[in-house]
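Quick notes on the structure that follows.
Lettering of chains follows the sequences in order, A, B, ..., and the numbering in each one begins at 1. All figures in this text were calculated on a predicted structure; none of them were measured in a lab.
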Amino acid sequence: MVGYALFFMEEAKQAVVRKTLDERNQMTDLERLRHSCAHVLATAVLRIWPQAKLDIGPPTKEGFYYDFDLADHRFCPEDFEKIEAEMKKITKENQVFERSVKTREEAEAFFAEAGQTFKVERLKDIPEGEEISFYQNGEFTDLCAGPHVMRTGNIKAYKLLKVASAYYRGNEKNPQLQRIYGTAFQKKAELAEWLEAQEEARRRDHRKIGKEMSLFTFDDDVGPGLPLWMPKGTVLVEELEKLAKETEFAAGYQRVRTPHLAREAMYKTSGHLPYYAESMFPPMEVTEAGEGEGGTDVKDRYYLKAMNCPHHHKIFAAVPRSYRELPMRLAEYGVCYRYEQSGELMGLMRVRSMQMNDAHIYCSAEQFAEEFRAVNEMYLKYFQIFGFEKYQMRFSTHDPAKLGEKFVDDPELWKKTEDMVREVLVDSGINFVEIPNEAAFYGPKIDVQVWSISGREFTIATNQVDFAVPPRFGLAYKTSENTLATPLCIHRAPLGTHERFIAFLIEHYAGNFPLWLAPEQVRVLPIGDDPIPFAKEVHKRLREAGIRAEIDAGRDKINGKIQNAEQAKVHTMLVIGNRESEAQSVSVRIHGKGNVGVTSFDACLSELEESIRLRKP
RNA sequence: GCCAGUUUAGCUCAGUGGUAGAGCAACGGUUUUGUAAACCGUCGGUCGUCGGUUCGAAUCCGACAACUGGCUCCA
């Protein structure tokens, strides 16, 4: 019995692969600069704390870092000034980066003498026969494949950003090192621009906007990672569900509803227990009087569901199935619960209760490719509606060496399904990366990766093939030859979970939602008291048309009303003064665009309805 | 979970041992308004929780909780 990951939102672990020499030679100029800057950082730290032990200091997507071990000192932000001052001296000294080569024995002796134990260990990673190169600048010599800039003086625009901890070699069983993050650019203007962009990112953060717009909240008494959707956030949730239900209905899905929990027995069948018990909330025990602890015996255990598939499998299994019913597409916006580690929670992006845009498609092998293609097309349709541009399709396949261990032992089905998936991707002209050894236990999958405004990578949607679990649940259908066959199952969640998807949407739009999604679509703003009767009529007709409209009949001046509406990110403002009231017209102002002119209210209403119906961007 | 940091009014934040502050919001009044803030006033906090040190604690110490950053980029 093997546990398997059914968790849709599970982040894939990056394969840890040492860069080849070839890849190193392809380092960009910027990476070279940042890597050199990391060496300057290490040089400075060693000048101030000579006892520091060094690990590694690579360039990253946004800058660089260097890992240190200082037994008797904790870096604090105030140290940055001191370190940066020393770095400045080093760049002023304009030291040359000089490459040299040592034998393995020389290298080991060199680091052993310097007490650099991490470096001694890192030496062992270098394959026999590969050159062991060093770079020296001034008094600092580091094991390094390079390449570097010519001189420390070439490093002009840099900044230390934050101090964090990191496990040695990324393994939580290893000791933690202190990591200093920094960034560097060719030009000072570029650094300033990047810092400004970081500021902008902070302003777009879904946690900040969610609070400002009263979309969702967390409460200590409710519990960490358990979001409360406020009225305006609920609008977003329900609009997404409406979109999903319409789309899925048109694509031949049927809706089902299942409870939030299930007995222990089901999770034994599914294989979640005991392997995934830790990722689930602890069970609820049903007790009766007896001999056990506290005079009670445990009669049964119930678990909150971490995924919907077992429940859906049970619906498939409830009655005998015929090939004529396939493909059977069962959809549910199911609420799931996962006991995420406390340190991994992050706003709405990573939570402990989540509602999935889930569906399971049961089909025959012959139907598989078409079904999978249809699911992919659904993804692309959604992404077009939202105008997503920056995402990556990640195709995760198995590793034949791990069949029967990490992956279900059915080489033929692996090959067949992976070929089908690959073909669908290529046919649809979708850009994707193929990552071996990252498939689910039960089949290959496609994850859609996006990046939060703070730069963290998340899986926003997933499409998985499952040829292993249906047999566990004894799922079967009668074929046209009157034999029993096991269906394939496609798990898919193009809109991921409400929590993560909406977090991403908030950041994507910076809270400036398109009309169809906007929590407050229209605000009617009468100027003074005279036009209030007409403004109320306008408001009433908007509500009757199903438009989320409010009216601000308060006593602020029109500039104040506009200010309030703009700050609330109301999509459309209808300014109504005496002129409009007399002509049955409205002066239209769009959030972020300003005044777009006066039009008859009737024309305005049809335009609003049209925009909402078509879900215009 | 681990390391570090943070937690003061609904929100954004001042306040580093001597009895808690500002702006915005809310509420009340005055103002009757033309495309991003009219004016005046009022209310609002056992300073995350619990414990300790002290004549005295938002401030110092400890525990706990929540949040934030990092633990993914590999010489």
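- At a threshold of 4.0 angstrom between heavy atoms, the contacts of Phe218(A) with the nucleic acid are absent.
- For C39(B), the paired base is G29(B) (Watson-Crick or G-U wobble, both distances below 3.5 Å).
- Here the separation of G69(B) from A26(B), taken at their C1' atoms, is 34 Å to the nearest Å.
- Side chain of Thr234(A) to main chain of Met230(A): a donor-acceptor pair is present (N/O by atom type, distance under 3.5 Å, no hydrogens or angles).
- Across all strands shown, Asp220(A) has heavy atoms under 4.0 Å from sugar-phosphate atoms exclusively, and none from any base.
- Here G5(B) sits opposite C67(B) as a Watson-Crick or G-U wobble pair (both hydrogen-bonding atom distances under 3.5 Å).
- Using Watson-Crick or G-U wobble geometry with both donor-acceptor distances under 3.5 Å, G23(B) finds its partner in C11(B).
- Ring orientation note: the planes of Phe388(A) and His508(A) are nearly perpendicular, at an angle over 60° on the 30°/60° scale.
- Comparing G52(B) with G5(B), their C1' atoms sit 24 Å apart, to the nearest whole Å.
- Across all strands, Ile527(A) comes closer than 4.0 Å to base atoms (heavy-atom distances).
- Not a single donor-acceptor contact under 3.5 angstrom links the side-chain atoms of Gln176(A) to the base of C71(B).
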Practice item. Begin from the C-alpha positions of Asp447(A) and Arg394(A) and carry the test salt bridge (charged side-chain N to carboxylate O under 4.0 Å, His left out) through to its verdict. Key: CA-CA 5 Å; Asp447(A) 289 324; Arg394(A) 208 178 53 189; 3.3 Å; yes

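- Nucleotides U8(B) and U68(B) place their P atoms 14 Å apart, quoted to the nearest Å.
- At the phosphate of A4(B), OP1 or OP2 sits under 4.0 Å from a side-chain N or O atom of Arg74(A).
- Between the side chain of Arg555(A) and the base of U30(B) there is at least one donor-acceptor pair of N/O atoms closer than 3.5 Å.
- Mapping Asn578(A) and Asp55(A) onto RNA chain B by nearest heavy atom places Asn578(A) at the nucleotide closer to the 5' end.
- Around the OH atom of Tyr168(A), the shell of radius 6.0 Å holds more than 12 heavy atoms that belong to other residues, nucleotides or ligands.
- Distance Lys557(A) NZ to U33(B) P: 8 Å, rounded to the nearest Å.
- Taking atom CD1 of residue Ile562(A) and atom C1' of nucleotide A38(B), one finds them 14 Å apart after rounding to whole Å.
- Gly560(A) comes within 4.0 angstrom of the backbone, heavy atoms only, and of no base.
- In this structure, CD of Gln567(A) is placed 10 Å from C1' of A25(B), rounded to the nearest angstrom.
- Heavy atoms of Leu525(A) sit nowhere under 4.0 angstrom from any nucleic acid atom.
- A distance of about 44 Å separates the P atoms of G41(B) and C55(B), rounded to the whole Å.
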Point to revise | Pair Leu525(A)-Ile527(A), side chain to side chain contact (heavy atoms under 4.5 Å, CB included): steps then yes or no | key: CA-CA 6 Å; Leu525(A) 308 176; Ile527(A) 301 171; over 6 Å; no

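- Donor-acceptor pairing under 3.5 Å, judged by distance alone, is absent between the side chain of Glu566(A) and the base of A37(B).
- Among the atoms of the strands shown, none is found under 4.0 Å from any heavy atom of Gln178(A).
- Between the CG atom of Leu123(A) and the P atom of C74(B) there is a distance of 18 Å, given to the nearest Å.
- Comparing G48(B) with C67(B), their C1' atoms sit 10 Å apart, to the nearest whole Å.
- Using a 4.0 Å cut-off, some side-chain N or O of Arg456(A) falls inside it from OP1 or OP2 of G70(B).
- Nucleotides C11(B) and A25(B), compared at atom C1', are 7 Å apart to the nearest Å.
- A donor-acceptor pair under 3.5 Å is absent between the side-chain atoms of Arg34(A) and the main chain of Pro59(A), judged by distance alone.
- Rounding to whole angstrom units, CZ of residue Phe534(A) and C1' of G34(B) are separated by 16 Å.
- Distance CZ (Arg169(A)) to P (C74(B)): 13 Å, rounded to an integer number of Å.
- The base of A4(B) lies outside donor-acceptor range of the side chain of Arg179(A), with no N or O pair under 3.5 Å.
- Across all strands, Gly347(A) comes closer than 4.0 Å only to sugar-phosphate atoms, never to a base (heavy-atom distances).
- Between C13(B) and G45(B), the distance separating the two C1' atoms is 14 Å to the nearest Å.
- At the phosphate of U72(B), neither OP1 nor OP2 sits under 4.0 Å from any side-chain N or O atom of Tyr65(A).
- Ion pairing of Arg203(A) with Asp205(A) is absent here, as no side-chain N (NZ or NE/NH1/NH2) approaches a carboxylate O to less than 4.0 Å.
- Between Asp221(A) atom CG and G48(B) atom P the separation is 16 Å, expressed in whole Å.
- Every residue meeting the side-chain hydrogen bond (donor to acceptor under 3.5 Å, both in side chains) condition with Glu199(A), not counting sequence neighbours, appears here in chain and number order: Arg202(A).
- The side chain of Lys162(A) contributes an N or O atom lying less than 4.0 Å from OP1 or OP2 of G70(B).
- Toward the 5′ end of RNA chain B lies the nearest nucleotide of Gly528(A), the other residue of the pair Asn171(A) and Gly528(A) mapping further downstream.
- The backbone N or O of Pro436(A) lies less than 3.5 Å from no partner atom in the side chain of His398(A), so there is not a single donor-acceptor pair.
- Judged by distance alone, with hydrogens and angles left aside, the side-chain atoms of Arg548(A) form a donor-acceptor pair with the main-chain N or O of Pro519(A) at under 3.5 Å.
- Donor-acceptor pairing under 3.5 Å, judged by distance alone, is absent between the side chain of Tyr167(A) and the base of C3(B).
- Residue contacts shown for Asn559(A) are limited to sugar-phosphate atoms, with no base heavy atom under 4.0 Å away.
- Straight-line distance from the NZ atom of Lys569(A) to the P atom of A36(B): 16 Å, rounded to whole Å.
- Contacts of residues 100-111 of chain A with RNA chain B (heavy atom under 4.0 Å): none.
- Of the candidates C73(B), G34(B), A36(B), the closest approach to any side-chain atom of Ile558(A) belongs to G34(B).
- With hydrogens and angles left out, the side chain of Glu580(A) and the base of G34(B) share a donor-acceptor pair within 3.5 Å.
- Taking 4.0 Å as the cut-off between side-chain N and carboxylate O, Glu128(A) and Arg104(A) count as a salt-bridged pair.
- Within residues 207-215 of chain A, the residues approaching RNA chain B are Arg207(A), Lys211(A), by heavy-atom distance under 4.0 Å.
- Across all strands, Val163(A) comes closer than 4.0 Å to no nucleic acid atom at all (heavy-atom distances).
- A sub-4.0 Å separation between OP1 or OP2 of C73(B) and a side-chain N or O of Arg34(A) is absent.
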Review point. Which is it for Arg169(A) and Asp125(A) under the salt bridge (charged side-chain N to carboxylate O under 4.0 Å, His left out) test, yes or no, and what are the steps along the way?
Key: CA-CA 12 Å; Arg169(A) 288 180 187 267; Asp125(A) 297 346; 3.1 Å; yes

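- The side-chain hydrogen bond (donor to acceptor under 3.5 Å, both in side chains) with His591(A) is formed by just one residue from the set Glu566(A), Gln567(A), Glu520(A); it is Glu566(A).
- Spacing of P atoms, C60(B) relative to U6(B), comes out at 10 Å, to the nearest Å.
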